[in-house]
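As structure tokens, the structure follows; a few thoughts come after it.
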Amino acid sequence: MKVELRPGLQGRAEAIVDTTNVAVVMGSGDLDVFATPAMIALMEQAACNAILPCLDSSTSSVGIKMDTHEAATLLGKKIIATAKLIAVEGRKLTFKVGACDDHGPIGNGTHERFIIDKAKFIAKLQSKR
């Protein structure tokens, strides 16, 4: 690792609601509104951005838990996701995450990730196949 993982690290990610990230296209509903899977991915991206300076080329992280979607967002609107690292327990990282549009919060909760060695992780998966 390049920099110490410590509570307080923050990340951010943005997206515009378009025809690629709506519920009807992603299979999570039948409306042209920001899809829950897209919101989760954006919050995960914010968490990854928070810890990116801490990881070297052999290290990554994988998500293991995410919570809640509270409101829908229409096409053309901007979504901003944020993540703040609130706990480090060995390789387990816990983040407070949220997403909002110009009307306010659309989702928030807790997100957990594990730090992994990329080569070992892939090798373990391949040995199971």
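One is the number of the first residue; the rest follow in order along the sequence. Just so you know, these numbers come straight off a predicted model, no measurement behind them.
To the nearest 0.5 Å, atoms CZ (Phe121) and OG (Ser61) are separated by 10.0 Å. Separating the CG atom in Leu52 from the OG1 atom in Thr59 is a distance of 11.0 Å, to the nearest 0.5 Å. Rounded to the nearest 0.5 Å, atoms CG (Leu85) and CD (Gln10) are 10.0 Å apart. Here the straight-line distance linking atom OG of Ser28 with atom CZ of Phe34 works out to 10.0 Å at 0.5 Å rounding. Remark: Arg91 CZ to Leu5 CG distance equals 12.0 Å, nearest 0.5 Å. If you take CZ on Arg113 and CD1 on Ile115, they are separated by 8.0 Å, rounding to the nearest 0.5 Å.
With hydrophobic clusters built from ILVMFWY side chains whose heavy atoms lie under 4.5 angstrom apart, Val25 shares a cluster with Met39. Under the 4.5 Å side-chain heavy-atom criterion for ILVMFWY residues, no single connected hydrophobic cluster contains both Leu31 and Ile106. Each of Ile86 and Phe114 belongs to its own hydrophobic cluster when Ile, Leu, Val, Met, Phe, Trp and Tyr are linked at side-chain heavy-atom distances under 4.5 angstrom.
Between His111 and Gly63, the shortest heavy-atom distance links the atoms CE1-CA, 3.9 Å. The two residues Ala71 and Pro105 make their nearest non-hydrogen contact at CB-O, 4.0 Å. Between Met43 and Ala99, the closest heavy-atom pair is SD-N, 4.0 Å. For the pair Lys118 and Ser57, the tightest heavy-atom approach, listed with the atom from each and the gap, is NZ-O, 3.1 Å. Between Cys54 and Leu9, the shortest heavy-atom distance links the atoms SG-CD1, 3.6 Å. In terms of heavy-atom proximity, Ile80 sits nearest to Arg12 at CD1-NH2, 3.4 Å.
A donor-acceptor contact shorter than 3.5 Å is absent between the side chain of Lys92 and the backbone of Glu112.
Side-chain contact check for Asn21 versus Leu42: every heavy-atom pair is 4.5 Å or farther apart. Put simply, the side chain of Val17 reaches to within 4.5 Å of the side chain of Ile79, judged on heavy atoms. Side-chain contact check for Lys96 versus Asn108: some heavy-atom pair is nearer than 4.5 Å. Between Val33 and Thr73 there is no side-chain heavy-atom pair separated by less than 4.5 Å. Under the 4.5 Å side-chain criterion, counting only non-hydrogen atoms from C-beta, Arg6 is not in contact with Val88.
Within 6.0 Å of NZ on Lys78 lie no more than 12 heavy atoms contributed by other residues, nucleotides or ligands.
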